[in-house]
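These numbers were taken from a predicted model, which means no experiment stands behind them. Every chain is numbered from 1, with letters handed out A, B, ... down the list of sequences.
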There are 2 protein chains.
Amino acid sequence: MAKSLAPQQMQTYFALTEAASLLQYAVRQQLQSEGELSYVQFEILAKLSAADGPLTMTELADGVVYSRSGLTHQAGLLETAGLIAREASPTDQRATLVGITDAGRARVAQVLPGHVAIVRGLLFDPLSKQDVAALGDIMGRVRDHMRALPPRSSRPRRR
Amino acid sequence: MAKSLAPQQMQTYFALTEAASLLQYAVRQQLQSEGELSYVQFEILAKLSAADGPLTMTELADGVVYSRSGLTHQAGLLETAGLIAREASPTDQRATLVGITDAGRARVAQVLPGHVAIVRGLLFDPLSKQDVAALGDIMGRVRDHMRALPPRSSRPRRR
DNA sequence: TATTGTTATACTCTATAACTATA
DNA sequence: TATAGTTATAGAGTATAACAATA
């Protein structure tokens with residue numbers, strides 16, 4: 001096994017990380033200025049918005065890079081802002097169900113056009129249809145490969 | 001202009017952001033545990049390591065997502081740790097020259113193998129040579145496109 | 001006047017550990 | 001005993017504004 005990356009790999013790695021970083025920076029700016037939302041808060045709202053009904057905190061944590069306490073903190077902020085609502089689960093008394101409010105949906109609708117405009121302008125503008133398909137195929141495989149490794153939410157808690 | 005993204009674009013966007021997020025998370029973990037470095041600190045050291053000689057703070061800020069005060073803060077931490085050294089510029093009295101120390105180079109060498117292992121294992125493992133070339137080509141174009149837009153470091157300061 | 005960099009300060013994000021309550 | 005979630009707390013990252021020194 002080689003100690004360093006091949007030149008083509010280096011080039012690809014740098015292009016990917018720099019582009020992803022620039023894109024994320026732009027998206028963060030947009031979400032903050034047009035909706036006063038951090039990226040994580042937007043992720044939470046988007047996930048609740050796409051879900052059929054309320055989710056538990058644990059379900060919500062899956063796929064979000066977050067500690068449990070961090071999620072509790074953000075949920076507290078979003079609830080104070082009136083964008084989500086928490087209630088006790090009827091089936092499991094330990095669980096908390098989190099649902100998005102009308103105000104939460106409205107906030108998502110408020111920032112989405114700008115979000116889409118950024119993504120289109122920065123990411124998709126210089127790409128052909130074939131490029132988009134190829135990129136989706138490649139990164140889809142990479143994502144699936146990464147997901148197959150032990151996920152964060154399944155890590156055991158410290159004792 | 002359509003208000004939302006095409007399904008293929010959505011899929012590609014999500015795959016890209018999730019994969020990039022997972023990769024960055026893993027890299028951060030590795031840098032912290034094996035070298036006690038934040039990602040930004042590693043970026044600074046890597047940039048100084050690759051440079052011919054010392055850089056000014058402004059040159060160092062270019063390409064790093066950072067405010068000037070944030071860079072000053074990180075430079076202070078790295079200098080306290082003995083990984084970089086600052087000295088007054090002989091040509092411009094206002095400027096500060098930042099160079100990497102032997103200890104700094106050693107720290108980079110210490111974390112690099114693990115860094116490479118993560119990138120190879122997570123990103124390149126599931127990809128063919130053709131995939132890597134295609135990904136590099138596509139993201140290279142995206143990066144160049146983004147770079148063409150007004151960069152952060154050129155934004156005028158607030159008055 | 002504009003630019004380089006630092007300082008003071010404050011706010012947000014994130015994590016660890018301890019805790020309560022329920023399964 | 002294990003799990004769901006919260007709380008308390010602390011540390012790190014980032015930004016704004018004011019500042020001093022130099023161009």
Side-chain angles (χ1 to χ4, degrees), chain A residues 21 24-25 28-29 31-33 35-44 54-62 64-81 84-99 152-159, chain B residues 21 24-29 31-33 35-44 54-62 64-81 84-99 152-159:
Chain A
S21 161
Q24 198 185 336
Y25 185 86
R28 279 176 190 279
Q29 289 271 101
L31 291 175
Q32 192 62 53
S33 69
E36 290 189 344
L37 292 174
S38 71
Y39 188 74
V40 174
Q41 287 165 357
F42 174 72
E43 276 187 309
I44 292 173
L55 301 176
T56 66
M57 294 292 282
T58 297
E59 287 166 343
L60 201 49
D62 281 341
V64 179
V65 178
Y66 239 67
S67 64
R68 289 160 190 271
S69 66
L71 183 58
T72 295
H73 177 62
Q74 292 299 333
L77 294 178
L78 289 172
E79 187 169 44
T80 299
I84 66 171
R86 283 187 283 194
E87 57 179 325
S89 164
T91 62
D92 186 338
Q93 295 280 55
R94 295 171 304 180
T96 300
L97 290 180
V98 186
R152 280 178 301 286
S153 65
S154 73
R155 285 182 310 177
R157 291 204 206 177
R158 283 287 186 80
R159 315 220 55 245
Chain B
S21 161
Q24 199 187 344
Y25 185 86
V27 165
R28 280 176 190 278
Q29 288 272 102
L31 290 174
Q32 191 63 51
S33 70
E36 291 189 344
L37 292 174
S38 70
Y39 188 75
V40 173
Q41 287 165 357
F42 174 72
E43 277 187 308
I44 292 173
L55 301 176
T56 66
M57 293 293 281
T58 297
E59 286 166 342
L60 200 50
D62 281 340
V64 179
V65 179
Y66 239 66
S67 63
R68 288 160 191 270
S69 66
L71 183 58
T72 295
H73 177 62
Q74 292 299 332
L77 293 177
L78 289 171
E79 187 170 43
T80 300
I84 66 171
R86 283 187 283 193
E87 56 179 324
S89 164
T91 61
D92 186 337
Q93 296 279 56
R94 295 170 305 178
T96 300
L97 289 180
V98 186
R152 278 176 303 287
S153 64
S154 72
R155 283 183 311 176
R157 291 203 205 181
R158 281 288 186 79
R159 314 218 57 242

**Q** Using a heavy-atom cut-off of under 4.0 Å over every strand shown, decide if B/S69 touches base, sugar-phosphate, or nothing.
**A**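 Here B/S69 touches the bases of the nucleic acid.
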
**Q** Estimate the overall bend of the helix from C/dT1-D/dA23 to C/dA23-D/dT1 from the end axes over five pairs each, rounded to 10 degrees.
**A**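 Axis-to-axis angle, ends of the helix: 0°.
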
**Q** Pick base, sugar-phosphate or nothing for B/R86, based on heavy-atom distances below 4.0 Å to the nucleic acid.
**A**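 Since only primed, P, OP1 and OP2 atoms lie under 4.0 Å of B/R86, the category is sugar-phosphate.
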
**Q** In a table with atom names and distances, give each donor-acceptor pair under 3.5 Å that connects a side chain of residues 70-78 of chain B to protein atoms at least two apart or in another chain.
**A**
from	atom 1	to	atom 2	distance (Å)
B/T72	OG1	B/R68	O	3.1
B/Q74	OE1	B/Q41	NE2	2.8
B/Q74	NE2	B/Y66	OH	3.3

**Q** If you assign each of A/G70 and B/A75 to its closest nucleotide in DNA chain C, which residue comes earlier from the 5' end?
**A**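 The answer here is B/A75.
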
**Q** The side chain of B/Q41 lies closest to which of these nucleotides: C/dA15, D/dG5, D/dG13?
**A**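 Nearest to the side chain of B/Q41 among the choices is D/dG13.
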
**Q** Provide a list of protein-nucleic acid N or O atom pairs under 3.5 angstrom, restricted to nucleotides 20-23 of chain D.
**A**
from	atom 1	to	atom 2	distance (Å)
D/dA23	OP1	B/Q93	N	3.0
D/dA23	O4'	B/R94	NE	3.4

**Q** Can you check the A/L71 CG to D/dA4 P distance for me, whole Å?
**A**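 So the two atoms are 13 Å apart, to the nearest Å.
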
**Q** List the residues meeting side chain to side chain donor-acceptor pair (under 3.5 Å) with B/T80, not counting sequence neighbours, and say none if there are none.
**A**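 For B/T80, no residue satisfies side chain to side chain donor-acceptor pair (under 3.5 Å) once neighbours in sequence are set aside.
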
**Q** Under the rule for side chain to side chain donor-acceptor pair (under 3.5 Å), what residues qualify as partners of B/S33, not counting sequence neighbours?
**A**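 If we apply the side chain to side chain donor-acceptor pair (under 3.5 Å) test to B/S33, skipping adjacent residues, there are no hits.
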
**Q** For C/dT4, does either OP1 or OP2 sit under 4.0 Å from a side-chain N or O belonging to B/R68?
**A**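 Yes, B/R68 has a side-chain N/O under 4.0 Å of OP1/OP2 on C/dT4.
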
**Q** Hey, does B/T72 reach any base, or is it just sugar-phosphate, or nothing, if we go heavy atoms under 4.0 Å?
**A**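 Result for B/T72 = base.
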
**Q** With sequence neighbours excluded, tell me which residues meet side chain to side chain donor-acceptor pair (under 3.5 Å) with B/Q24.
**A**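 Not a single residue meets the side chain to side chain donor-acceptor pair (under 3.5 Å) criterion with B/Q24.
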
**Q** Among all residues two or more places apart in sequence or in another chain, which pass the side-chain contact (heavy atoms from CB on, under 4.5 Å) test with A/E79?
**A**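 Applying side-chain contact (heavy atoms from CB on, under 4.5 Å) to A/E79 gives A/I84, A/R86.
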
**Q** Once side chain to side chain donor-acceptor pair (under 3.5 Å) is applied, do any residues pair with A/R28, and if so which ones, sequence neighbours excluded?
**A**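 If we apply the side chain to side chain donor-acceptor pair (under 3.5 Å) test to A/R28, skipping adjacent residues, there are no hits.
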
**Q** Touch check for A/S89, heavy atoms < 4.0 angstrom, all strands: base, sugar-phosphate only, or nothing?
**A**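 If one applies the 4.0 Å heavy-atom cut-off, A/S89 turns out to touch nothing in the nucleic acid.
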
